[in-house]
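Working notes, structure below.
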Amino acid sequence: MGVEPPITGITRGGTLWVPQFVTALDESKCIGCGRCFKVCPRDVLTIVQRAVDDVDLDDDDDDDDDSDNSFMTLSNAMDCIGCEACSRVCPKACFTHEALPLAA
Ligand code: SF4
Ligand code: SF4
């Protein structure tokens, strides 16, 4: 049995590219900044509130734009098109991406 070829796209100019689909989001590293949500074109992401017990009230991290009482989740991962825009803007490297085989 051979290796399945990855799902492959093509640019308008005819260049092939391999989408890198989101396979995981590390919620423990997420600061809830919302950058990924703003750039995702496919409504893959949803921000949710942390449980009160999980909020770090003494966080001395110097991130100015964080929101420690919320974090991002993969709510609709099957709609991801693998554009990687989320990772380009994420300040905490929360996302894991993988090329995926054509066959399910
Ligand atoms: S790779 Fe693109 S489509 Fe997928 S979650 Fe990130 S921004 Fe959204
Ligand atoms: S960009 Fe990164 S840190 Fe900001 S909300 Fe998205 S996953 Fe969390």
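Keep in mind that this is a model prediction, so the values were computed, not measured. All values below were derived from every heavy atom in this structure, side-chain atoms included, with hydrogens, water molecules and symmetry-related copies excluded. Whatever order the structure lists ligands and atoms in, that order sets their numbers, starting from 1.
- Other residues, nucleotides and ligands contribute more than 12 heavy atoms inside 6.0 Å of the NZ atom of Lys29.
- Among protein heavy atoms, the minimum distance from atom 1 (S) of ligand 1 is reached at Glu84 N, 3.1 Å.
- Looking at every heavy atom in both residues, Pro19 comes nearest to Ile81 through CB-O, 3.4 Å.
- Under 4.0 Å from ligand 2, the heavy atoms of Cys94 that appear belong solely to its side chain.
- When each atom of ligand 2 is checked for a heavy atom of Cys36 under 4.0 Å away, the hits are 1 (S), 5 (S), 6 (Fe), 7 (S).
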Chi angles and distances behind the side chain to side chain contact (heavy atoms under 4.5 Å, CB included) call for Met72, Thr46: CA-CA 6 Å; Met72 201 61 65; Thr46 299; 5.7 Å; no
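- Looking only at protein heavy atoms, the nearest one to atom 8 (Fe) of ligand 1 is Cys40 SG, 2.3 Å.
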Please report the C-alpha distance between Arg50 and Phe71 in whole Å, then the side-chain angles of each, then the deciding distance to 0.1 Å, and finally whether the side chain to side chain contact (heavy atoms under 4.5 Å, CB included) criterion is met. CA-CA 7 Å; Arg50 288 190 195 279; Phe71 62 100; 3.4 Å; yes
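- Set against the non-hydrogen atoms of Phe95, the atoms of ligand 2 under 4.0 Å away are 7 (S).
- Between the side chain of Gln20 and the main chain of Ala99, a donor-acceptor pair closer than 3.5 Å is present.
- Closest protein heavy atom to atom 3 (S) of ligand 2: Ile31 N, 3.5 Å.
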Quick one: do Asn76 and Arg42 satisfy side chain to side chain contact (heavy atoms under 4.5 Å, CB included)? Show the steps, please. CA-CA 9 Å; Asn76 206 11; Arg42 299 294 295 185; over 6 Å; no
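- Backbone or side-chain N, O or S atoms of Cys86 reach atom 6 (Fe) of ligand 1 at under 2.8 Å.
- The nearest protein atom to atom 4 (Fe) of ligand 1, hydrogens excluded, is given as Cys80 SG, 2.4 Å; this is a heavy-atom distance.
- Remark: the His97 side chain and the Thr23 side chain contain no N/O donor-acceptor pair separated by less than 3.5 Å.
- Residue contacts with ligand 1: Val22 is included, with a non-hydrogen atom under 4.0 Å away.
- Using a 4.0 Å cut-off to heavy atoms of Cys90, the atoms of ligand 2 that qualify are 1 (S), 2 (Fe), 3 (S), 7 (S).
- Given atom 2 (Fe) of ligand 1, the protein heavy atom at minimum distance is Cys83 SG, 2.2 Å.
- No more than 12 heavy atoms of other residues, nucleotides or ligands shown are found within 6.0 angstrom of CG on Asp43.
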